[in-house]
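Remarks on the structure that follows.
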Amino acid sequence: MGSKVRTLVLLSLFCLALFVSLHQARAAKSHNNDNNHNVARLKGRKELNRCNLFIGSWVIDPSSHPLYDSSSCPFIDAEFDCQKYGRPDRQYLKYSWKPDSCALPRFDGVSFLNKWKGKKIMFVGDSLSLNMWESLSCMLHASVPNATTSFVRRQAISTVTFEDYGVIIQLYRTPYLVDIDREDVGRVLTLNSIKAGDAWTGMDMLIFNSWHWWTHKGDSQGWDYIRDGSNLVKDMDRLDAFFKGLTTWAGWVDQNIDLNKTKVLFQGISPTHYQGQEWNQPRKSCSGELEPLAGSTYPAGLPPAANIVNKVLKNMKNQVYLLDITLLSQLRKDAHPSVYGVDHTGNDCSHWCLPGLPDTWNELLYAALSM
């Protein structure tokens, strides 16, 4: 009887492993199809299979990374400056993203500034937009260290200007993209309203981002009620809310942005690494992680929010380019600030060290714009 039980257990485990493997294969195929569709959006059908920037693996490349030193960049917030605040290791700085199907072009800040001379670029979103905005500003500053720059921080709009080139790079902080309205009941997240969009028009490039704040609860929640059409509710499924809010944003882009004048990209969903079971290490978080995951598979699969982004973008009239950073960022469990920030009081597995992963996001942005 014991032998039969062991045989049944082994057979069950084999079937489970086979099921997981097939599920991951289907997810990878779907992800590849989404990325191929993304490439087609940028360059047309003939480019469909030429280069998928977002499927690949991380390799150590100390000859080209990091792209700047945090001590020489005047734009980095203390919460992202991991080296300044005591991170003892440096290997996380030396990884380069290597797409499977092509070579990622080396970032050329002078070329970027010349191409966008006299233009306005705006990042619109939450603190992950802040992460990427500061990264791009640092990368450009390292390329032209003697150029004249100005730096203005405001609650809503912050600006870095490369005066010699007339390039203005702005950040508009709005964690939900849709509005937070003040009503008698308190702060109301209004899913069908974007009054702030007036500040986003007139740009030559827009890079949007949203998701993390949609999950916040308790003291960190940014609203008291949600207005869903004519309904005012205390709460609702956060993925449903995100879908409705992002659909409102998509409608705003379709109605207000001329793609002949403005390039529009969506930054993609940036993952967190608080739950080690996502990469088969249940007792861990990002704290103390020193290496990325090998290969191009994340055990937990893509987050549901990434599927919502894909769905909304595919239904838009305007073809918004998805900078699909999700999977390659999921592999970088080693790249978060963790405790190495200005206050040392928490474990930040949401944001990213600078220099670090957001520099790769901007290398991919540069590559996408160059294709």
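These figures come from a predicted structure and were not determined experimentally.
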Could you tell me if the side chain of M132 sits less than 4.5 Å from the side chain of I325, heavy atoms only?
no
Does the plane of the ring in Y298 sit parallel, tilted or perpendicular to the ring in W279? Use 30° and 60° as the thresholds.
tilted
For N260, check side-chain hydrogen bond (donor to acceptor under 3.5 Å, both in side chains) against everything at least two apart and list the hits.
D258
D240/R238 ion pair, N-O < 4.0 Å
no
All pairs passing salt bridge (Lys or Arg N to Asp or Glu O under 4.0 Å) where residues 115-143 contributes a residue, at least two apart:
E134-R153
Is it the case that D359 and S135 place a side-chain donor and acceptor less than 3.5 Å from each other?
yes
If you group Ile, Leu, Val, Met, Phe, Trp and Tyr by side-chain heavy-atom gaps below 4.5 Å, do L313 and L239 land in one group?
yes
Does the side chain of N310 come within less than 4.5 Å of F266's, by heavy atoms?
no
Checking one residue: L290. Which other hydrophobic residues are in its cluster under the side-chain 4.5 Å linking rule?
none
Check this for me, if you would: do D108 and R106 make a salt bridge, where the nitrogen-to-carboxylate-oxygen distance has to be below 4.0 angstrom?
no
Please list, chain by chain and in numerical order, all residues satisfying salt bridge (Lys or Arg N to Asp or Glu O under 4.0 Å) with K195, sequence neighbours excluded.
D179, D181
So how far is it from S64 OG to E363 CD, rounded to the nearest 0.5 Å?
7.0 Å
Do the side chains of V59 and L293 join up, straight or via other hydrophobic residues, at under 4.5 Å, putting them in one cluster?
no
With sequence neighbours left out, the residues meeting ring-ring contact (aromatic ring centres under 6.0 Å, His included) with H351 are F80
Can you tell if the side chain of Q267 reaches within under 4.5 Å of the side chain of L365, non-hydrogen atoms only?
no
Would you please name every residue forming a side chain to side chain contact (heavy atoms under 4.5 Å, CB included) with S72, sequence neighbours left out?
D69
Do Y68 and S143 have a side chain donor and acceptor closer than 3.5 Å?
no
Sole residue of L265, L259, I207, V264 in side chain to side chain contact (heavy atoms under 4.5 Å, CB included) with Y321:
L265
W213 and Y274: same hydrophobic cluster, using ILVMFWY side-chain contacts below 4.5 Å?
no
Do N347 and S285 meet the criterion of a side-chain donor-acceptor pair at a distance under 3.5 Å?
yes
Given a cutoff of under 4.5 Å between side-chain heavy atoms of I, L, V, M, F, W and Y, with clusters grown through shared members, what are the other residues clustered with L93?
Y92
Which one of V312, V309, T215 satisfies the side chain to side chain contact (heavy atoms under 4.5 Å, CB included) criterion with F242?
V309
Who are the ring-ring contact (aromatic ring centres under 6.0 Å, His included) partners of H141, not counting sequence neighbours?
F75
By ring-ring contact (aromatic ring centres under 6.0 Å, His included), F208 pairs with (sequence neighbours left out) W200, W249
Linking Ile, Leu, Val, Met, Phe, Trp and Tyr by side-chain heavy atoms under 4.5 Å, what else ends up with V342?
Y85
Give the other cluster members for V188, using side-chain heavy-atom distances under 4.5 Å between Ile, Leu, Val, Met, Phe, Trp and Tyr residues; answer none if it is isolated.
V185, Y225, L232
Just jot down the salt bridge (Lys or Arg N to Asp or Glu O under 4.0 Å) partners of E289, sequence neighbours excluded, or say none.
K284, K333
